[in-house]
Structures are given as structure tokens and as C-alpha cells.
Amino acid sequence: MLGNLLRNKTSSSGFEKSSEHSDFSSVVPNVPVYCKAASTGTTKTAAGALLDTAVNVEKPSEMLSTTSPPILDHISDDLKLKLFGSRDIPYSRPIDTLQNNGGLGTDKITSINEKTYAFRILIIEEAGQMACRNNYRDIFDYTTSKISNSMEQIRPSELKEYIFGSPVRSSDLTQCDKIRTIPNSDLVLITRIFYYTHQYNRIAISLCIPRILLPVVAESWSSISSWLTQTQKMLIGFLTKNRIMQENTGNYSNNSVIKLSNIDIRTHYPKEIEIMVQTLQKRVIPGLRSMSEIPRLFLYPETFKEFVHVWFKSIFNWIEIKDGPKLGFLPLLMAIIISDYRHTIRELKTSKIVILSGNMVVANKLLFILSALLEPKYKGQITIRRENIRSDSSAVSRNKSNNNFVDKPETELSTLTSTDNLLSRTENNSNHNYNNSNVSSNSIGSPNFHSLRKGWQIPNRRNSNTSVSVSSSESLAEVIQPSSFKSGSSSLHYLSSSISSQPGSYGSWFNKRPTISQFFQPSPSLKHNESWERLQTTAGNMQRTSSSSSLQQATSRLSLTTPQQSPSISEYDEYPWMGTPGSPNVGDVSHAPPLVKNISYKFPLKNVELKRDCQRISQDDLLDEAFERICQPSLADLNSTYEIFPGNSSYADILTTDSDIDDGLMNKPLELLPKYTMYLTHFNNFFQLQACPAGQESESRITNSMKIDLLKADYTRSLLVSLRSRDIRDVALKREFTGNNNNNSNQNIYDENFVGKRKYVLKQKTRKIFSCGKIGKLSTSLESCVNFVENSIKSAMMLYDDNGIDSELRDSEALRIFSSLVHYCNAG
Amino acid sequence: MSSTVISLAHFCDKHGPRIISVTQSAEKGTLGEELLVPDYPTESYCESCLLQFPEESTRSMRCFIEDVPFITTQYSSIRYQLLNSIIKRAFSEETMIYDNMPFIFFDDLRGLNLVIGFKLYDENARGNERRYCFILTVDSRSHDDSMKMLSEHWNFIIGGFDKMIAYIKNIHKSEFLGKNKTVENNLETLNNNAFIGSYLRANKSKFGRNLVSLTDDKFLFVRIHKWNSFLLHTVMNENKLP
């Protein structure tokens, strides 16, 4: 009876729309998770859900509605492609199938808000009374925010099930760590369980964090486990004190169990508890967040010619506009990195390269140039959208013989460790993956593409390399606060350069992205050029006086009172990028005659399509391809893929399968991106390559972070590059122990509060390599490296300057020069 | 011999947590003979616990990737206890959720384990479902190193497991639908059986069913073996790099 009723009910809801061919999932709609079939009515649903998950898997994943970090809003698409290899960098890109299985990828998780900072600490003790309802006792329960918070809504009793599991268990007394998700809650539970003297006295330290942080938990395990260890030590300390107290008062016998629940830790040890919470709040959680939210740079494969072209052009532009022909700043910086810091960064995990600049755009451009010199580079294939097909796949191979076109002794000084490999690899690599059927909907293939990140968003034109460095809208201003704003003169300078928006004038903000207020200007449907003009002229509250601003600009550039030490150094938001439609021709700029004249500059990276999130490259395509090839799901009969290997006395027959996995699948390219990032508003200790605002604050942050690093190591180095004053400093910090007091077996950063410090002195050595526009004293090896870099750049310039040269030959030569830079070897 | 192992385990109606298959690797250049198992009587395994080979006589599956032998067997003769304590832990001692989400635990005895559980609808099973999990075990005491490996391959490992789980679920679904011709018919059966099944029908009507029959794929374990070998190889390969 009931069954019939239920059946009727479901059939009216489900079968109406289901045809014979309909998906099973449509029959049982909206079953979010499987729920245990407790009643008869839900059993059907349960079965439906079980099958449902399988059905969902078949659907191609089109859900890329994840949000990007706000800092990326200020970066043009071109620069995004240069730095990150993708226009679309969500916080975390869910694994395709999991997403559909009701796993990681709901919108809820991928939108970042204040909740992401939330965490909950639970310390629970098992009382050792299995039959008792109060077997588990809350010792400490702390949640960050008291506003309606899913984290708090979960009762500890439910969490206990996940923290402790079954009360019946094997009796090994090993300490255990667990990481798991809590169903229906978007939470991750990290638990450490340990014992204090007694088998039934399990104590659990649990930490609840938002699920979006799950992919970085493993990476930041050292800091999480340090915190757990610290807390564990603290609790053991409490227990031991308690035991000693009991022993002293004579209450203690060998059988009595010392329990945390007998100690009111909040009232007895407020200071320790505070430190525990603070450590989490100030160190661990921000660390997790910076790992998950700050987009990491993507290092293009060195054999990817489109990238190499863009890279060389970036260098030429930098030298032309930022450095000038005589300064020699960039070659020196590059030489330091390839001769020294490239290895240091790899070997010494605390070493850093930091660019100090008030200007995000310029700093990011320099980061792009420098990051290409670092390792580890991506070795996989770069997917390119189809529209870009050119007959270039066989280009490199035909030019093998003409390899020595630019026959310059300087370039031959280089140790070309992989020239041969390079060429063959280039061949492979240039067969780019054109058959990408899953071009995502947000990649629009017109040459003047617009970025349509959201359906409702009015498209903005992004066909140039310019971007906003100073924003006029409030929410954006939160993100970018160049420290130079604080000083009056430089803010004047900024203002002037941002105000003059006369297209074509040097230093103007000619392709400023419209701000939110501008979006709401009338007639967004006008043709782009026109609407652009209109938006510019009607925009905002600023009184635009281009003539006076250019005057200001001139004075600020020449005035002796400006903080800039050299007139050529003034950091404009943007420099003209040659040949880009919408930007002025390089030839128009009279100050600096173009060094490289005739490059028909199209931005070759514009069709790159890399699936990634802030910290990882998506593995979905690789897995899909591998699964097809290895498991051959379409093949009903695998008889031909194996043979029987006869057994012997010690083993039975063996079924031997073939393993025809090709090289592409065999060597999975890097998944986790290195710790290099873009311009950040604050220095972040986690990243080895970054840029941040110039100023005292950043410098003291850097020094502090180096000191913190020294708690774990004895030596650390940082290369500080200040763009405003054009100086390069190599700061080394070393600690030397003066005496060996105290037990210091565990030199843990967090243990300083608990374990006595060992005495040591910090010794700092700062080497000014480049200062006030002058090159300091260089070692001979560095000097030869500088020469090498300069010569390489020169030969590259000639290469690009030469009109007559075959484009294929140019490709291979550019690749060769780049490779020689990247593989420069000091000994050679 | 590498310390990384992938196993497929399930919770048997009769026997509790059981290993169905273990994929391990041996030293490069060897034949991995220490991992091969002798001819054991398959009758000692119940239907649902059995690793069913497409060829009756075989007891191990092997492939070589870059000269490293990868071997899949019903049980691991060298890690028997370890794996048993791991699956006991996963299925019985912890609160296992079969939601395709990773569950990670580690201690000094069991090393690092990443477990992803899933279940298949089967009216012949207790509670009308069969519960399985894939486990990646890093048999090492260095938690930091294991975590580093996990962090470097997070998407790959989880996506890789998920790929196989999705495949199994998919073919299970088509097997299920195929048997019950149309959707309506099938739902009808489902509903009836479910209704009677969990309420009136005695447990005797429940019987073991193998993954091979649940998916109607005679070569399922061959595919699992090949896939696990590929996953293991990739995970280990990267780790060897300087």
C-alpha cells in the first residue's frame, strides 16, 4: 500500500518527463547524496542515487564557474597568459568527475569569502567508558566567527564520529593523523589522536577548515603538523603537571587515569590556549590561504617557440623603455639569476627573489622575464586553440641543418647542454594538440577577443597588454596599494600618469580597463572603439586636464625632489607595446628610437589554453587520454592484449599484459606549480619569486621572514631588486651559535614558546650588486655571464630585426638562444 | 621494491573487510618474482571477495613499465598483515563515507593511506549495496615525504582513482539497465525488490556477487591492474627525480 503510494508519487514526478532514452538521473532528480535506506520509501531513491552518480559522470564538464582571485582582475589577459598560461585561473579547479559526483566542485566552495578564514578547534578526550553516553568529553571547542557559520552548526557529537570512528578498535597505541571531509558540510577535518599513558585515554586534537583548502593540506602539512605537535605537547604538559600535582598531594596511584577533563584548561592555562589559537590564526591558516589563493606562475616549456618570442620581445621592450641602452640593469639581473640564483632557489628552499616596486604592471613584466630563467619548467604539451593552426609543425626539423645561422662566438661560449635534445623535442612539441574538442565556452576565438568571464558581464576589450595598476573603484583599491602612494610627490606622479588618458600620448593610460562605475555608463552596446572613447570621456569624477597633467608629468620626471633617482626610471603604468592594435606605434614615441623595428607583433600566446587553478595544473585531459589508451573501455575483448606466462613450483601462471604507454603519458608533466608568483600587495614568505610594493614595510617584512626562516635553517639568502632606485642587493643571513645550552632536539619554528631557545647571533651580509644606476664590483664569473647575456640579447635583437630571415629559421634560432641562456653553466 | 601500493578492498557481507586486489611494484630490471603468488584454491574465497581472472589458471597479473614490474594479485604475500590492518581501519574503525571524497590517515604502523570509497547498487547484497574502496598506501614512516608525494600528485591520484570508479559505476549501471530492459521496468523492479528486500525478505536470498558480474566486464580486473600500474608508475617516477 505504502509502496504503491510512493511509487505513484515518484512516477508522477519522475516519469512525466522521462522518455525511453532519458537519463536515469532525470528520473531521480536532485538527489544530492546517498542516504542510508532506513525506510522503505527512500530505498528507491538510494538506488537511484547510486546509479545517478555514475550517469552524471558521462556529462562533459562545462561548469567552470569558479571565481578567480580579485588580484587578477587588474591584470590584462595577455599578461595573464604570459604569467599563468591561462586567462581563467579559478581558486581551485575541481576534478571533473568528482565535481559531478557531488564532490569538490560546487559553487559554494569555490566562492571565497570571509568564511574561508574560519576554523574550528576541537579537543576531545575519550573517557574510556565505552558503554557510557559520555564516553567522549569536549575539552575545548573554539570557532573563529560567531555569525551563522556552517562550521559551528555541526554538533560535536557528529564530529566525534569522524574524529574517533568506531569505539571498537585495535589496541595499538600509535598516534594517528587523519584528514577527511565531512559529508554535506564543505568542511575538512584534520585530526591527531594520541594517547597519554593509558590505552583508553585517547585524546583528539581536531581542526576544521573549509573544504576549499583540502588540496593544499598535503603541501602545507609541515606547518599543520607542527601546530598539532605543539598543541599535543601543550596538552601533555598540562597532564603531566596534573599528575605531579596529584602525586604530591598523594592522590595518585598507578591505576588512576589522568584526564584532561579534570583540568579546566581554559581557566588554568589561558596564555597557552591563546598561543595555540593565535598560532593557527596568524601562521597556519594564512599559510594555507596563500597557498590556495595566490596564483602561481606557470613556466612555459623552453621549447615552446611562441613563448620564446614573447619572452624576447618582453626583454627588448624592457631594455628599450625601462633601461635604455646604457644602463645594463636587466642583463645584470638576468646574469645573477642564471649564474647563481637559479641554483640557489632550487637548493635552498627559503631563498627568495623579491622585486620591490610601486608599479604592479612593470613588476609583473619583470617577473615574467625572470621566471623564464628559473626551474622547474613545465614539460608537457601546451594546448592551443584551433584557430591558430599554421603550417609550422615541420618547421623546426627542416631547419636543423641551418642551425648555425647566427655564428657568433659569444653565443658559442654557452654550454648548450641540450641542443640536440632541444631540437628533437621541439619537433614533438610543435605538434601541438590541436584537436581540443573541449574548448571552454569562455575562450572566444576572434582576434580582438574580449574577455567574457561571466555571462552577465559586459565584455571589455582586452586586446592590448595594458592593464590597470591603480584603480579608482574602492573594492579594487583594497587590493592594490602601492606604497608609493603614501608619499606626496610620487602620488602626484601617479595621478598625473593615470589622468592623462589621451590615447597615444606616451605614458598615458591608454587602455585602461573600465571600472565598475564605467560599466554602468549608457549604451554599452556601441561598437567597441566608439564606446571606449565614450567611456573614457564620461568616466568618473576625475577632472581630466590632459595638458596640465602632461606638464605635471614632465615636472615629476625631471624634478630633483622626486624620490626617483634617475629620470629614466620613473615607473609609468605602461609602456607602449609594439604593433598591438590599439596601442600607439613604437615609432611614434620619439624619446627612444625603437631598437627592434620590424616585428609584426602579434601576441602569439593568445591561443594558449591551459587548464589550471591557482596552484595546480589540471590532470583531467591527461587522465582521460591515459584511461582511453590503457584501459580501452570501448574494447569488449582484451584477449589480444595479454598472454599467459607459465608458472613454476613457486608461483602460478601469470597473465602478462602489455604496457604500451607512450612517452607523453609515461612522463607526466608537473602538476604542482612552483612557488613563484606575481606582484602581491604584501610580501609573502611562502613564495620564492614575487614582487611587492617598495618601501620600508616590505623590507622589514622580508628581513623578518628571513629571520623566521633561520629558525629552521642556518642560512638563507634573498635577492632584493628595487625598481625605483634601480638597485640589486643580495642579502645573506646566517646564524651562528654561540653556546649550546638547552635541549634543542626539535628545532621547530613553533616550539620557541615551549622549548628554550638556543643562543645564536644573526650575521647579515648585504652585497650591493647594482646601486644608483651603477654596477658594483662583480666577480669574474658573473662578469662573463653578464657579457654572455648581453651578447645573447644582442644576437636575438639582430635575429628579430632581420627582415629577410625565414620565420622558421628565426624560430629555431630564438629557441637556441633561449636554451643557451637557460642552460648557461658557470663552469663553462 | 617500492613502498607505494594500490589496493582494491571491499566490505564483504560474510567476511567483513577484505582485499580484492593489490598492485605492487618490484625492483627495476627484475621479474618481481617475490610478489607473485602460488596456485591457491579459489574456492577459499567467496564470490564477492574473489579476484576473478579472465583465464582460470592464472593467479597473478604482471606488466613491465620501463623495466619495472608491476604485479597485481589477490593478496600480498609480503604485506599481508599491513594491508589487513589498513582495511580493517578503513572500513571498521573509521566512519567511512562512500562519497568519492578522499580520506587520508597515517600512523607509524600503517604508513600513509589515501582511501576513496564507493558503492554499487546490488539487490543481492546486504542493504542493497556493495561497498568498495581504492586505497593508495605509502608504506613509509616518513610522513613528510609521503605527504610531499601526495601534494605533488594530488589531482592525479584523486582523478586517477575517480576515473576507474566512474568506469566501474558506469558499466555497472549499463549492466543493471541492460538486464532490466527499460528504465520504467527496471525502476519498477528496483522499487519492488527494495521494498520487499529490506523489510520482509530473509537474508538467505542475499548472495555474493563478484565485481566482474556486477559490471559484466570479464576483463575488469585486467583493466584495474593496468590502470593501477600506470598510476603507481607515474607517482613513483616523479618521486625519483632529483
Side-chain angles (χ1 to χ4, degrees), chain A residues 3 7 15 18 20 24 27 33 37 40 43-44 47 50-51 53-55 57 95 97-98 101 103 161-162 165-166 169 172 174-181 183 215 218-219 221-222 616 618-620 623 626-627 630-631 633 638 642 644 650-657 659 661 668 671-672, chain B residues 36-39 53 55 57-65 92-95 97 99-101 103-109 119 121 128-129 144 147 150-156 158-160 162-163 166-167 169-170 173 182-183 187 190-191 194-195 198-199 219 222-223 226-227 230 234 238:
Chain A
R7 221 175 316 151
F15 292 149
S18 70
E20 278 232 326
F24 206 78
V27 181
V33 279
T40 51
T43 317
K44 190 204 124 295
L50 273 170
L51 293 163
T53 52
V55 176
V57 172
I95 296 153
T97 39
L98 277 182
N101 281 354
E161 239 182 82
Y162 302 115
S166 159
R169 59 179 191 272
D172 57 71
T174 47
Q175 174 184 316
C176 170
D177 291 347
K178 291 186 255 193
I179 304 163
R180 67 171 309 147
T181 55
E219 193 180 6
W221 184 249
S222 62
R616 278 164 207 284
S618 162
Q619 302 291 306
D620 296 336
L623 285 168
F627 195 81
I630 293 166
C631 295
L638 291 181
Y642 61 78
I644 309 294
S650 58
Y651 52 83
D653 290 356
I654 308 161
L655 188 145
T656 308
T657 59
S659 49
I661 308 171
K668 184 193 89 154
E671 171 183 331
L672 184 66
Chain B
L36 300 168
V37 294
D39 189 9
F53 294 91
E55 308 293 331
S57 66
T58 51
R59 294 288 181 271
S60 316
M61 285 181 277
R62 178 167 67 185
C63 65
F64 295 91
I65 305 176
S92 305
E93 293 173 25
E94 299 292 342
T95 310
I97 310 289
D99 59 352
N100 282 24
M101 290 301 290
F103 163 47
I104 300 156
F105 64 88
F106 56 98
D107 55 46
D108 285 344
L109 291 178
K119 46 188 164 187
Y121 177 79
N128 291 345
E129 63 196 25
D144 286 346
M147 271 295 184
L150 200 60
S151 135
E152 275 163 14
H153 300 282
W154 181 261
N155 282 353
F156 182 80
I158 294 180
D162 207 70
K163 202 81 203 152
Y167 171 76
K169 283 188 165 184
N170 256 333
K173 186 205 81 188
T182 62
V183 175
L187 255 194
L190 216 159
N191 214 6
F195 181 60
S198 44
Y199 186 60
F219 303 98
V222 178
R223 293 187 219 270
K226 288 172 108 180
W227 187 242
F230 164 70
T234 307
E238 286 266 311

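In what follows, every chain begins at residue 1, and chains take the letters A, B, ... in the order their sequences are listed.
- B:Ser57 touches chain A through backbone and side chain together, each having a heavy atom under 4.5 Å away.
- The CG atom of A:Leu672 sits 9.5 Å away from the NE2 atom of B:His153 when rounded to the nearest 0.5 Å.
- When each of B:Phe53, B:Trp227, B:Phe64 is scored by its heavy-atom pairs under 4.5 Å with chain A, the top score falls to B:Trp227.
- Residue contact with chain B, scored on non-hydrogen atoms closer than 4.5 Å, involves the backbone and the side chain of A:Glu161 alike.
- Applying the salt bridge (Lys or Arg N to Asp or Glu O under 4.0 Å) rule to A:Asp177 yields the partners A:Arg192; only residues at least two apart in sequence or on another chain are considered.
- Considering only heavy-atom pairs separated by less than 4.5 Å from chain B, the leading option among A:Ile644, A:Leu638, A:Thr181, A:Thr174 is A:Leu638.
- A distance of 11.0 Å separates CE of B:Met61 from OG1 of A:Thr656, quoted to the nearest 0.5 Å.
- Looking at residues two or more places apart in sequence or on another chain, you find no salt bridge (Lys or Arg N to Asp or Glu O under 4.0 Å) involving B:Asp108.
- Looking at every heavy atom in both residues, A:Leu623 comes nearest to B:Asn155 through CD1-O, 4.2 Å.
- Comparing A:Trp221, A:Phe627, A:Tyr162 by heavy-atom pairs within less than 4.5 Å of chain B, the highest count is held by A:Phe627.
- At least one side-chain heavy atom of B:Glu55 sits less than 4.5 Å from a side-chain heavy atom of A:Tyr642.
- Minimum interatomic distance between A:Gly165 and B:Thr95 (heavy atoms only, all atoms of both residues): CA-OG1, 3.6 Å.
- The structure places CE of B:Met147 at 12.0 Å from CD of A:Glu219, a figure rounded to the nearest 0.5 Å.
- Distance check, rounded to the nearest 0.5 Å: CD of A:Gln619 to CH2 of B:Trp154 gives 13.5 Å.
- In this structure, B:Thr234 and A:Glu671 have side chains that are not in contact, with every pair of non-hydrogen atoms separated by 4.5 Å or more.
- By number of non-hydrogen pairs under 4.5 angstrom with chain A, the leading residue of B:Asp144, B:Ile97, B:Leu150 is B:Ile97.
- Residue contact with chain B, scored on non-hydrogen atoms closer than 4.5 Å, involves the backbone and the side chain of A:Ile654 alike.
- Interatomic distance, B:Leu109 CG to A:Cys176 SG, rounded to the nearest 0.5 Å: 10.0 Å.
- Looking at B:Phe103 and A:Lys178, their side chains come closer than 4.5 Å, going by heavy atoms from C-beta outward.
- The part of B:Val222 that comes within reach of chain A is its side chain, from C-beta onward, which places non-hydrogen atoms under 4.5 angstrom from that chain.
- Interatomic distance, OG of B:Ser60 versus OH of A:Tyr651, reported as 9.0 Å (0.5 Å rounding).
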